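Along the sequence shown, the residues carry numbers beginning at 1. Just so it is clear, the structure is predicted and the values come from calculations on it, not from any experiment.
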Amino acid sequence: IRTPLARMRLLAELARGKVDGASSLDEIEEMDREIVEIDVLVADLLASSRIDFSAMSPKKLDAVEIARQAMGRASIELLHLDAPGEPVEFDGDATLTTRAVSNLIENARRHGGGVARVYVGNGGANVRIEVEDDGPGFLPGEENRIFEPFYRRPNGKAEAQSLGLGLALVQRIAEAHGGRAYARNRVGGGALVGVELPAWHEAATT
């Protein structure tokens with residue numbers, strides 16, 4: 001599915017340079033956004049199937065590098081990364097955990113007005129990866145509902161374009177690793193959504 005989607009994006013890009021008139025360009029832009037939506041949905045479904053079919057490949061990973069990769073794919077400048085200079089190691093599946101962080105970033109971009117900070121830290125037995133935004137924050141009780149499949153926040157143009165699966169998948173990925181997903185409002189405004197994963201230790205590979 002992703003191969004024809006990539007071709008469709010290429011064709012849309014080629015057509016963008018040939019159209020005359022703003023309305024035609026708007027239609028191409030809208031088509032491109034829809035293609036991106038389908039591509040994201042396919043990626044989420046593929047990640048979910050890895051969990052369903054126990055196809056995870058855990059190994060020692062660096063949470064800082066995972067965050068860097070996800071930020072690079074989303075074109076988020078690394079000045080927004082708050083992480084230690086040394087690796088923050090955990091035992092996990094690289095594909096799934098990168099998908100989880102990518103979904104956290106995408107959530108902040110769509111519903112929080114953009115990424116304010118990506119935090120990576122080691123809290124004893126657990127590793128935390130958190131994405132903060134400067135958006136409106138959560139309504140009372142919404143901190144738990146955002147992880148429900150197909151949940152859409154009450155208003156906002158971005159909500160109509162979202163299927164509400166991104167954060168539900170984040171929670172599934174965290175729980176499949178023996179961790180958890182969580183969310184809360186930031187002091188002074190905005191929201192924080194993150195995952196907590198068991199830190200790596202020698203016993204994880206034995």
Colleague: How close do Ala94 and Ile66 get, heavy atom to heavy atom, and via which atoms?
Modeller: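 Smallest heavy-atom distance, with atoms named: O-CD1, 4.3 Å.
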Colleague: So which heavy atom on Ala74 is nearest to which on Arg109, and how close?
Modeller: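 Result for this residue pair: O-NH1, 2.8 Å.
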Colleague: Mind checking whether Leu78 and Ile105 sit in one hydrophobic cluster, side chains of I, L, V, M, F, W, Y counted as touching below 4.5 Å?
Modeller: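 Yes, Leu78 connects to Ile105 through the hydrophobic network.
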Colleague: Let's go through Asn122 and Phe90 carefully: what are the C-alpha distance in whole Å and the side-chain angles of both, what is the deciding distance for side-chain contact (heavy atoms from CB on, under 4.5 Å) to 0.1 Å, and is it a yes or a no?
Modeller: CA-CA 9 Å; Asn122 196 333; Phe90 69 102; over 6 Å; no
Colleague: So, do Val131 and Leu192 sit near enough that their side-chain heavy atoms are less than 4.5 Å apart?
Modeller: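 Side-chain contact under 4.5 Å: no.
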Colleague: For a quick test of reading the model, state the closest non-hydrogen atom pair linking Asp93 to His177 and the distance between them.
Modeller: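 The pair with the smallest heavy-atom distance is N-NE2, 3.0 Å.
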Colleague: Determine the minimum heavy-atom distance between Gly194 and Leu104, stating which atoms define it.
Modeller: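 Answer, listing the atom of Gly194 first, then Leu104: CA-CD1, 4.1 Å.
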Colleague: Return the CZ to CG distance between Arg172 and Leu167, rounded to the nearest 0.5 Å.
Modeller: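 Answer rounded to 0.5 Å: 14.5 Å.
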Colleague: Just wondering, do Tyr151 and Glu142 contact through their side chains at under 4.5 Å, heavy atoms?
Modeller: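 Answer yes - side chains close enough.
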Colleague: Would you give me the side-chain donor-acceptor pairs under 3.5 Å for residues 178-188, sequence neighbours excluded?
Modeller:
| from | atom 1 | to | atom 2 | distance (Å) |
| --- | --- | --- | --- | --- |
| Arg180 | NE | Glu196 | OE1 | 3.1 |
| Tyr182 | OH | Glu130 | OE2 | 2.6 |
| Asn185 | OD1 | Phe138 | N | 2.5 |
| Asn185 | ND2 | Phe138 | O | 3.2 |
| Arg186 | NE | Glu132 | OE1 | 3.2 |
| Arg186 | NH1 | Asp133 | O | 2.8 |
| Arg186 | NH1 | Asp134 | OD1 | 3.1 |
| Arg186 | NH2 | Glu132 | OE1 | 3.3 |

Colleague: Can you tell if the side chain of Val88 reaches within under 4.5 Å of the side chain of Arg128, non-hydrogen atoms only?
Modeller: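 No. Closest side-chain heavy atoms not under 4.5 Å.
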Colleague: Kindly indicate, with the supporting measurements, whether the criterion side-chain contact (heavy atoms from CB on, under 4.5 Å) is fulfilled by Val193 and Asn107.
Modeller: CA-CA 9 Å; Val193 187; Asn107 177 73; 4.0 Å; yes
Colleague: Any heavy-atom pair between the side chains of Leu61 and Asp91 that's under 4.5 Å?
Modeller: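 Side-chain contact under 4.5 Å: no.
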Colleague: Here's a test for you: under side-chain contact (heavy atoms from CB on, under 4.5 Å), which of Asp82, Val64, Val101, Asp62 qualifies with Val120?
Modeller: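 So, applying the side-chain contact (heavy atoms from CB on, under 4.5 Å) to Val120 and each of Asp82, Val64, Val101, Asp62, only Val64 qualifies.
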Colleague: Got a donor-acceptor contact below 3.5 angstrom from the Glu148 side chain to the Ile146 backbone?
Modeller: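 Side chain of Glu148 to backbone of Ile146: no pair is present.
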Colleague: Does the side chain of Arg117 reach to within under 4.5 Å of the side chain of His80, using non-hydrogen atoms?
Modeller: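 SC-SC contact between Arg117 and His80 ruled out.
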Colleague: If you compare all heavy atoms of Ala174 against all heavy atoms of Leu197, which two are closest, and at what distance to 0.1 Å?
Modeller: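 The pair with the smallest heavy-atom distance is CA-CD2, 4.0 Å.
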Colleague: Measuring only between side-chain heavy atoms, which start at C-beta, is Met71 closer than 4.5 Å to Leu81?
Modeller: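 They are in contact (side-chain heavy atoms under 4.5 Å apart), so the answer is yes.
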Colleague: Check whether any side-chain heavy atom of Asn103 sits under 4.5 Å from a side-chain heavy atom of Leu169, and report yes or no.
Modeller: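 The answer is yes; the side chains approach within 4.5 Å.
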Colleague: Tell me every residue that passes side-chain contact (heavy atoms from CB on, under 4.5 Å) with Glu175, counting only those two or more places apart in sequence or in another chain.
Modeller: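 Expected list: Gln171.
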